[in-house]
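Remember, it's 1-based here, ligands and their atoms both numbered in the order they're listed.
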Amino acid sequence: MTRTHDKDILLVALGGNALIRQGERGTIEEQFANLRGPMRQLALLAQDRRLIITHGNGPQVGNLLLQQESCPDIPQMPLEVLVAQTQGQIGYLIESTLEEELRCLKGRRRHMVSLISYVVVNEHDPAFREPSKPIGPVYSKEQAACLPWPMMLTPKGYRRVVASPQPLTIVEKEEIRRLVALDFIVICCGGGGIPVVREGRSFHGVDAVIDKDLASACLATEIDADTLVIATDVPGVALDYGTPSERFLSILTLADAERHLAEMQFQPGSMAPKVEAAVRFIHKGGGHAIICHLDQIAAAVAGNAGTAIVHG
Ligand code: ADP
Ligand code: MG
């Protein structure tokens, strides 16, 4: 594709930990405070780059589900409506914090928009038969045994899981591309996007949560981003994670990434989709893909932190 932009396009996918850290309840004060550090880095990076921010919603969408399930008098909303709610709520938190950090830099005013985004999935995706996406709070083994939902043991503990189909295309990609070309900072694909299926000329939502890392890679490819950064709560990709021989990698080649994915080195629903997302982006012509800690986004973009996924 012919490059038409003068400044690099940076797409940063923020993990759920950007808002709620492990062990926290997720009060609004905690969420605003946690965003401060990542937003300070993004404000600096945005000085000479075009910027797109995507974000997870696992803890928030799980909490909304719990809230509505505890109040049977009010009609239950399907998951895709809850995803839409989290795009609004998290978009507001990110936008207002980033706006403040940009003002501190006293540069020219940057336009910014949080975009409700839909992502197309295949209604026959096998993921609908096998829930795999962890959402909501972490439970102990004893608590998990008493809960009525499908559960999965993650490195953080037991969590409820929901269906997570593959993202096929971002419905608003043209809108996002144009806004980015106008130098708007765009916050989009929140929670992996509102999952929709196509039926003739219409779309309708489906009960699922798309992985935000895979949706971010899809968007990064579709809008021809230069760099994809996936920011989370570990310094990068590790081999033998959580064991005495654990080692974090500064570089991971495509061939090694694919081999380790096949060997299940990376936990499904957490690190595996991040590596898969980086692999897809680089395979489809992306420039740089890095998985890093939320506190090291700027260092990772400069090549001094995180795991870079590279050809080879
Ligand atoms: P996010 O909200 O950022 O998407 P996730 O919990 O989905 O966060 O993914 C990050 C988690 O992946 C880490 O906290 C870590 O526990 C887990 N993880 C699983 N396997 C690995 C691995 N091989 N290397 C690093 N982290 C891993
Ligand atoms: Mg995740």
Next item on the list: Identify, for atom 13 (C) of ligand 1, the protein heavy atom at the shortest distance, and state residue, atom and that distance.
Entry: Asp233 OD1, 3.4 Å
Notebook entry, point to check: Do side-chain atoms of Arg177 reach the backbone of Glu222 as a donor and acceptor pair under 3.5 angstrom?
Noted result: yes
Next item on the list: Would you mind checking which non-hydrogen protein atom is closest to atom 22 (C) of ligand 1, with the distance to 0.1 Å?
Entry: Tyr241 CB, 3.4 Å
Item checked: Non-hydrogen atom of Gly269 closer than 4.0 Å to ligand 1 -> yes
Notebook entry, point to check: By number and element, which atoms of ligand 1 are closer than 4.0 Å to a non-hydrogen atom of Lys274?
Noted result: 1 (P), 3 (O), 4 (O), 8 (O), 9 (O), 10 (C)
Notebook entry, point to check: How far is atom 5 (P) of ligand 1 from its nearest protein heavy atom, and which residue and atom is that?
Noted result: Ser270 CB, 3.7 Å
Check: Distance only, no hydrogens: is a donor on one side chain within 3.5 Å (strictly under) of an acceptor on the other, for Glu258 and His283?
Finding: yes
Margin query: We want to know whether Gln265 and Asp240 form a side-chain donor-acceptor pair, criterion being a heavy-atom distance below 3.5 angstrom.
Written below: yes
Notebook entry, point to check: Out of curiosity, is Glu246 lining ligand 1, as in a heavy atom under 4.0 Å away?
Noted result: no
Note to self: Under 4.0 Å from a heavy atom of Pro155: which atoms of ligand 1 are those, numbered in the order shown and with their elements?
What the structure shows: 16 (O)
Check: How far is atom 6 (O) of ligand 1 from its nearest protein heavy atom, and which residue and atom name does that atom have?
Finding: Lys156 NZ, 2.7 Å
Margin query: For a quick check under 3.5 Å, do Ser114 and Glu95 share a side-chain donor-acceptor pair by atom type?
Written below: yes
Checklist line | For atom 2 (O) of ligand 1, closest protein heavy-atom neighbour | finding: Gly16 N, 2.9 Å
Checklist line | Sidechain N-carboxylate O distance under 4.0 Å for Lys7, Asp48 | finding: no
Next item on the list: Below 4.0 angstrom from a heavy atom of Gln265, which ligand 1 atoms are there? Numbered from 1 as shown, please.
Entry: 23 (N)
Next item on the list: Would you confirm whether Arg50, through its side chain, and Val180, through its main-chain N or O, come within 3.5 Å as a donor-acceptor pair?
Entry: yes
Item checked: For Asn17, the ligand 1 atoms whose distance to one of its heavy atoms is below 4.0 Å -> 2 (O), 8 (O)
Notebook entry, point to check: Which of the atoms of ligand 1 are close to Thr232, meaning less than 4.0 Å from one of its heavy atoms?
Noted result: 1 (P), 3 (O), 8 (O), 9 (O), 10 (C)
Would you mind writing out the side-chain donor-acceptor pairs for residues 142-152 within the sub-3.5 Å range, not counting sequence neighbours?
from   : atom 1 : to     : atom 2 : distance (Å)
Gln143 : OE1    : Ser140 : N      : 2.8
Gln143 : OE1    : Ser140 : OG     : 3.3

Check: With a 4.0 Å cut-off on heavy atoms, does Lys212 reach ligand 1?
Finding: yes
Check: Do you know which two heavy atoms are closest between Val83 and Gly191, and how far apart they sit?
Finding: CG1-O, 4.3 Å
Item checked: Tyr241 and Phe248: CA distance, side-chain angles, deciding distance, side chain to side chain contact (heavy atoms under 4.5 Å, CB included) verdict -> CA-CA 8 Å; Tyr241 179 73; Phe248 281 90; 4.2 Å; yes
Item checked: Pairwise side-chain contact, Leu115 with Ile176, heavy-atom cut-off 4.5 Å (strictly under) -> yes
Next item on the list: Would you check whether Ala238 has a nitrogen or oxygen atom less than 3.5 angstrom from a nitrogen or oxygen atom of ligand 1?
Entry: yes
Notebook entry, point to check: Among protein heavy atoms, which sits nearest to atom 27 (C) of ligand 1, and what does the distance come to when rounded to 0.1 Å?
Noted result: Met271 CB, 3.5 Å
Check: Looking only at heavy atoms, what is the nearest atom pair of Ala277 and Ala217, with distance?
Finding: O-CB, 3.3 Å
Check: When you measure from atom 19 (C) of ligand 1 to every protein heavy atom, which one gives the shortest distance, and what is it?
Finding: Gln267 CB, 3.4 Å
Item checked: Gly236 neighbourhood, listing ligand 1 atoms whose heavy-atom distance to it stays under 4.0 Å -> 25 (C)
